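What you see below is based on every heavy atom in this structure, not just the backbone, and it leaves out hydrogens, waters and symmetry mates. Naming: A, B, ... by sequence-line order, numbering from 1 per chain. These numbers come from a predicted model, not from an experiment.
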Amino acid sequence: MSGYRFPIEFRERAQKALKDARLRETLREVMPHFREERVKKISEVPDWEMRRDRASQIKEEVIRKWEEYHRLADEALKKRGIKVFHARDGKEARKIIGKIAKGHHVKKIVKSKSMVSEEIELDSYLEGLGMEVTETDLGEFIIQLAGEKPFHIIAPAVHKKAREISRLFQKKLGLDVGEGIIDITDAARKVLKKRFLEADMGITGSNFVVAETGTLAIVENEGNARMCVAYPRVHVAIVGEEKLLPRFTDLGLFLPLLTISATGQRMTSYVMLLGSPYEKKINNPKERYVIFLDNGRSKILKDRELWPLLKCIRCGACINVCPIYNKIGGYAYGWVYSGPIGAVFNYGILGPERAGELPFASTLCGACDNVCPVKIPITKILLEERRRSSELFRKARGRPGFAERAIFSLWSYLMSHPGLYGLFSTPIRKILRFFGFGSWRRHHLPPFRQWSRERDFPPLSKETFLSHLKKKGE
Amino acid sequence: MDSLIPIFKERLQDLGGEVIEVGSDPRKTFQEFITRNNLYSLASWDTPFLHGILDSIEGIQVLYPGKSGEELRRIVLNAQAGVTDSFFAVAETGTLALPVTEKKPSLVSLIPELHIAFLEREKILANFEELFQKLWDFGIVEYILVSGPSRTADIEQTLTIGVHGPKRVVVFLT
Amino acid sequence: MQKKKIQLFVTCLVDQFFPDVAEATYEIFKKLGIEVYIPRDQTCCGQPAFNDGLFKDARRVAHQFLKAFKEDIPIVAPSGSCVHMVRHQYPVLFKGEPDEKLALDISKRTYELTEFLVNEIGIEDVGSYYPHRVTYHASCHMTRGLGVIEPPLRLLKNVRGLELLPMKNADWCCGFGGVFSVKYPHLSVAILEDKVRWIEESGAEIVTSPDISCLMHIEGYLRRNKIPIKTEHIAMILRGEES
């Protein structure tokens, strides 16, 4: 039933991605733009670092007072006539939404971008109930037609060329569409307009939920989320439990922080600040529901090292600067979230048996820590998760195997006994140098073999520095 | 405040929006704009200020939000332009803060291809922090914050203006 | 700050593969009139095991480091990566352990070479001569790990005869990543390919860095692909050539 395969076989998926020339070309063309725009806009903001500090503090405040802020949020939402649900996991969330849809005799649904809805695999469930679900973000609409998963959190269809999309529209929608980008956009607008008009229910996520006022804040550029909210008579927002902000005025800090970090925009074309449904009036929706999803977040909340993961505002800045992501894209990470935050968060939610390899798939370069608007210590968490896989969980995927552990045991023994370490300076060294470690070259024994498939491995020097000192008698 | 106007103009123009300074006679400026752009069918928010401008303009049909949702949807689908005023604006980002009420429905600034917004220059704030402080002080209603026309770069990372929202946003600065 | 005596942490890679780097570091300090004490029972900081999540093994090795360098004298190493391990990870590794106090103390008095010269003793010109076109790879541990960005550049700019050429994305990761380089070698090299391209585009004949691990990885690729660019650790450049 699930579209995801576990355990996540990162190595194999990464290998596949490295061989995909088109994927690599797309990444090379597209990714620098996000980085450059972000840097440009940040240079306009003299107090950017202070903003990061404040945002980090506010998110930590939410985590510290989790129960209190959730109680406040529930009350505020209910006061606005919004019905609130808390779903423990994907199964429960799907059932709740399915029940709401059936209760309102919903046949057609329009949906705007929501990572959380991917987490619970909502679309296929609702389609299974006989409802039509249309993804209305242009990129999501395209990949929904193609039957694929999103390529990148912010740019889901960026790997598809215009000509390819035109043919897709012809095939799946029976439309004769020109091959230009404007033609495609016009065609999509016409098709989606009809779907908005006919939809019974709109499903969205929410970038933030304000605890004190029950306000939902949703950012977008196309206008499709506005359509999902303003046309159908029922609006359902599905939101991760961590999406709270304490005060309405916190949005003044967080909205530009999000848009600059995500796509290097000072502000997106639209921000919706939503309140009460319109019950008996002319505006839509007439009913509004908010479903908070746990799905393992409460476990992360209690975790002494992993709790900072709940600060994430899903901007994708870490993804854009990650050297690994920039080579292999999002599919390799095997689940909803990709890049640095994907590695650590997927591990936190799915656990070491399913996602244990992900924390090892990093050079620990720290670029992600540097750009995170809420200062999540991703590198620190990667190391902690590696420790757990290596030292705690026997069944962790990607756990160092017997040989690797043996080598490190031997190595650590050697390195903690200077006398033994000094053995490398004796005639043993001459022998090693003679048998392959005397020049820059390829090797055939692991782990030197792995190193030297594409690089030469350096020679052991004639003498070590320390033994040379000993000789000089210094 | 005066220093904020050039920033607002620049930032909104950066996004593909337009700013027209209204002289001493907003009706005249608006009339000229209507004629220049061949507009004859408008949907508008129902406010005294907008009635004051629009009701006296000749040769155009102006429809205000009606009695029902269907009527509203029909009005905006058939209008060439949607007219609103603005509660506040933000210079740093070229943003208009539009409240959403029964007389000021969101669809007016969403469906027609052209969005015309009247903005009083004193209402321009410096940045988002100031905006949210003001919105908080005035009490929480529903808002749409609009920063230029709708856009996407989802296809080949090429910017396309005008997807589901308006292709053009024109601010009349009073 | 007057620091007349330091302890030299050679680092295991330098000791075993590139001892000239330690020699050059020693000579730099000798020229500046600073006494260099070299503990004989030093081995490694423990980073390779730590990197792999094998904290127990790392701690065993790090323990030896604490023993070797327990004298209350500043420790200097020609390596951003090893210094980062001691400064930032020893507090994590030894939290709640019997040696925690010593570990914290040592973590506060361990410095990278260029950082020590510029930030601790105010030296920006070491009187070196090195007439080559050089570009600088700003390693992850130097920039994002230790926050040491200016010192190496200032020192290089004062080297006589040296033409310092800018590198595009100088602080982008080279792809080494410790155990990553052998666990995911194809990915490691894929990332390296970009770095090599930027090195080539700089027009330099030599690429330098305070981290021998990055240079080892880069040079391995340059040699395999017969690219006529050399790598040289920054200590060698700061020691310089005979004029």
For Gln47(C) and Ser81(C), which I'm curious about, is there any donor-acceptor pair between the side chains at under 3.5 Å? yes
May I ask you to list the residues in residues 225-233 of chain C that approach chain A closer than 4.5 angstrom, counting heavy atoms only, ordered by number? Asn225(C)
Select all residues of residues 378-387 of chain A having any heavy atom within less than 4.5 Å of some heavy atom of chain C, and report them by number, or 'none'. Leu383(A), Arg386(A), Arg387(A)
Between Arg24(A), Arg442(A), Arg399(A), the one whose heavy-atom pairs under 4.5 Å with chain C are most numerous: Arg442(A)
Check the orientation of His141(C) and His84(C). Use parallel for under 30°, tilted for 30 to 60°, and perpendicular for over 60°. tilted
I'd like to verify something: which residue of Ala14(A), Ala361(A), Ser389(A) has the highest number of heavy-atom pairs under 4.5 Å with chain C? Ala361(A)
Can Arg11(A) be said to sit on top of Tyr184(C)'s aromatic six-ring, NZ or CZ under 6.0 Å from centre and within 45° of the ring axis? yes
So, Thr114(C) and Glu112(C): side-chain donor and acceptor under 3.5 Å apart, yes or no? yes
Determine which residues belonging to residues 207-223 of chain C lie within contact range of chain A, meaning some heavy atom pair is under 4.5 Å apart, and list them by number or answer 'none'. Met216(C), His217(C), Glu219(C), Gly220(C), Tyr221(C), Arg223(C)
Please look at Cys12(C) and chain A and tell me whether the side chain, the backbone, both or neither of the residue comes under 4.5 angstrom of a heavy atom of that chain. both
So is Arg455(A) actually on top of Trp451(A)'s ring, under 6.0 Å and inside 45° of the axis? yes
In terms of heavy-atom proximity below 4.5 Å to chain C, should Phe360(A) be classed as side chain, backbone, both, or neither? both
Do His443(A) and Arg449(A) come close enough that some side-chain heavy atom pair is under 4.5 Å? no
Partner residues of Ile106(C) under the side-chain contact (heavy atoms from CB on, under 4.5 Å) criterion, sequence neighbours left out: Phe65(C), Leu66(C), Phe69(C), Ile75(C), Val86(C), Leu102(C), Arg109(C), Thr110(C)
Name the region of Leu18(A), side chain, backbone, both or neither, that has any atom closer than 4.5 Å to a heavy atom of chain C. side chain
Which one wins on heavy-atom pair count under 4.5 Å against chain C: Arg429(A), Arg28(A), His417(A)? Arg429(A)
Part of Pro459(A) within contact of chain C (heavy atom distance under 4.5 Å): backbone
Give the member of Val14(C), Asp41(C), Val92(C), Asn51(C) that has the highest number of heavy-atom pairs under 4.5 Å with chain A. Asn51(C)
Answer yes or no: is there a donor N or O on one side and an acceptor on the other, between the side chain of Arg144(C) and the main chain of Met142(C), under 3.5 Å? no
Which bit of Asp369(A) comes within less than 4.5 Å of chain C, counting heavy atoms only: side chain, backbone, both or neither? neither
Tell me, side chain or backbone of His186(C) under 4.5 Å from chain A's heavy atoms, or both, or neither? both
Looking only at atom types and distance, does a side-chain atom of Glu454(A) sit under 3.5 Å from a main-chain N or O of Ala190(C), one as donor and one as acceptor? no
So what's closer than 4.5 Å to chain A heavy atoms on Gln42(C): side chain, backbone, both or neither? both
